[in-house]
**Student:** 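Got a structure for you, written out below as structure tokens; questions coming shortly.
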Amino acid sequence: MKQNRRQFIKTSALAAAALTAPNISATTAAKKQPLLYKKMKLSWTSYNLQLRHVFTISGFSRKTTPVVLTKIEFDGLEGYGEASLPPYLGETQESVIDFLKKVDLSGFHDPTHLEEILEYVDHIAPGNTAAKASVDIALHDLAGKIIGSPWYKMYGLDKMKVPDTTFTIGIDTDEIIREKTKEALGRFNILKVKVGGPDDKRVIETIRSVTDLPLTVDANQGWKDKYYALDMIHWMKEQGVVMVEQPMAKDDYEGNAWITENSPLPVFADESVQRLHDIERVKGAFSGINIKLMKCTGMREAWKMRHLAQALGMKVMIGCMTETSCAISAAAQLSSGLDFADLDGALLIANDCFDGAKLENGKIIVADLPGIGVKLTQKAIRFFNE
Ligand code: MG
């Protein structure tokens, strides 16, 4: 582990310096030598995120989230990436590292050829979406640094025109729900409530005893009966809920479609949609989709999903796992103009090791740095060197 960390961090001080100054000198240097002679080097390290609160969604509770941080070095520049691995998604630090060991970037000489490189990465093995995202994000970060631009600019987006991010309240005791809600006051303009448990009304009423902020709810497939679910949605609308995520089981197309058709609120697919090819299948069953980098293999596919969903007349939200500011910043680069953003993942952890996108007036706003807009914190540089 220590050796890994040292390798990971070896040139981080240099990279931090390169990030604070424009990358013009590095870009100029890159132009002097043909790219053909330069090679990309991928490295990684495991890291465990400590959650500020025990996190409970329908069916699971936990206090930590394992991640794997990646780095791609090329011509004096470094791109950072991350795989976040909440246990219910099936990937582990071991499976990510096994995948990363198979990634051979030696055949590629220009990191800005994202389509070609990421097509290769996607075909190494099926699944492994978070592992693939960790390569995708690091490559986007690196490519942006080579080009000298943050990705939101290359996407043609206004970084300030992003939706308010939701702040997630898990299923918990009344006391903790009240405490978490109070923690959100003055910082967030909308809250996301995990429902789908036996006592959803109590959870909503507890939050309502503290604030009138608009709410979104995420049932995480927890509702088992469509009539019950629709009754809950009608009741929740009266309580100021504005959107519902994944009411029924991910493969219950009919149940979810019936709810969407009858619901007074927009209904978004999360677990029902992982990747680009899933969108066509859920068209008609949901009002919108929740795109997450960890399930769709990263920024490249997320960007395509956004456009396909919108072309099909669906709404789009961008979500996250508990992640450091690395993966959050990557997602935030493409959040402008979307219907909802749920990008509080880095705010839920106590040991973020990146500086990046920040909460400003209830929105997650990216830093004006090339790439995904992150640098390792000084504390993290010390940690990885120990
Ligand atoms: Mg969800």
Side-chain angles (χ1 to χ4, degrees), residues 51 53 55-62 65 84-91 129-130 133 163-172 180 184 188 190-197 200 203-204 207 214-224 229 232-233 236 241-253 255-256 259-260 263 265-275 278-279 281-282 285-297 302 305-306 309 314-323 327-328 331-332 335 338-349 364:
L51 308 189
H53 297 274
F55 192 68
T56 305
I57 61 170
S58 181
F60 303 92
S61 289
R62 65 180 200 276
T65 299
S84 173
L85 310 160
Y88 55 91
L89 291 180
E91 290 181 76
T129 56
D164 288 320
T165 188
T166 52
F167 177 72
T168 301
I169 313 267
I171 296 170
D172 236 312
K180 286 193 73 176
F188 298 90
I190 183 166
L191 305 178
K192 169 167 163 170
V193 187
K194 292 292 190 179
V195 294
D200 294 339
V203 174
I204 301 281
I207 292 167
L215 307 175
T216 70
V217 295
D218 187 353
N220 288 112
Q221 315 178 70
W223 288 330
K224 305 302 176 200
M232 285 304 298
I233 292 170
M236 286 176 174
V241 172
V242 298
M243 183 270 263
V244 180
E245 211 178 307
Q246 197 67 48
M248 307 272 292
K250 62 182 179 184
D251 47 7
D252 184 359
Y253 182 94
N256 285 304
I259 290 171
T260 300
S263 169
L265 298 175
V267 179
F268 279 64
D270 184 1
E271 289 88 338
S272 291
V273 170
Q274 289 205 342
R275 299 198 54 178
D278 295 320
I279 296 177
R281 188 169 43 76
V282 300
F286 294 92
S287 329
I289 62 164
N290 185 353
I291 299 173
K292 291 177 179 166
L293 301 189
M294 294 304 142
K295 53 176 193 173
C296 78
T297 73
M305 290 176 76
R306 168 189 171 132
M314 300 179 84
K315 295 178 187 295
V316 177
M317 74 177 278
I318 185 133
C320 64
M321 312 297 172
T322 39
E323 297 164 352
I328 294 296
S335 65
L338 298 185
D339 298 285
F340 291 95
D342 176 25
L343 294 177
D344 63 348
L347 303 169
L348 303 176
I349 61 174
I364 297 290

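Order of listing sets the numbers, starting from 1, for every ligand and every atom in it.
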**Student:** Do Lys295 and Arg275 have side chains that get closer than 4.5 Å, going by heavy atoms?
**Tutor:** no

**Student:** Nearest N/O/S atom of Asp270 with respect to the Mg ion (ligand 1), by atom name, please.
**Tutor:** OD2

**Student:** Taking C-beta and beyond as the side chain, do Asn290 and Val273 meet within less than 4.5 Å on heavy atoms?
**Tutor:** no

**Student:** Would you say Asp342 has an N, O or S atom lying under 2.8 Å from the Mg ion (ligand 1)?
**Tutor:** no

**Student:** Please state whether the rings of Phe167 and Phe188 are parallel, tilted or perpendicular, taking 30° and 60° as the class boundaries.
**Tutor:** parallel

**Student:** Report yes if the side chains of Ile291 and Met305 come closer than 4.5 Å at any heavy-atom pair, otherwise no.
**Tutor:** yes

**Student:** Start with the C-alpha gap between Asp270 and Lys292, add the side-chain angles, then the distance that decides, and say whether salt bridge (charged side-chain N to carboxylate O under 4.0 Å, His left out) holds.
**Tutor:** CA-CA 8 Å; Asp270 184 1; Lys292 291 177 179 166; 2.6 Å; yes

**Student:** Looking only at N, O or S atoms, which one in Glu245 sits nearest to the Mg ion (ligand 1)?
**Tutor:** OE2

**Student:** Of all N, O or S atoms in Asp218, which has the smallest distance to the Mg ion (ligand 1)?
**Tutor:** OD2

**Student:** If I take every N, O or S atom of Glu271, is at least one of them less than 2.8 Å from the Mg ion (ligand 1)?
**Tutor:** no

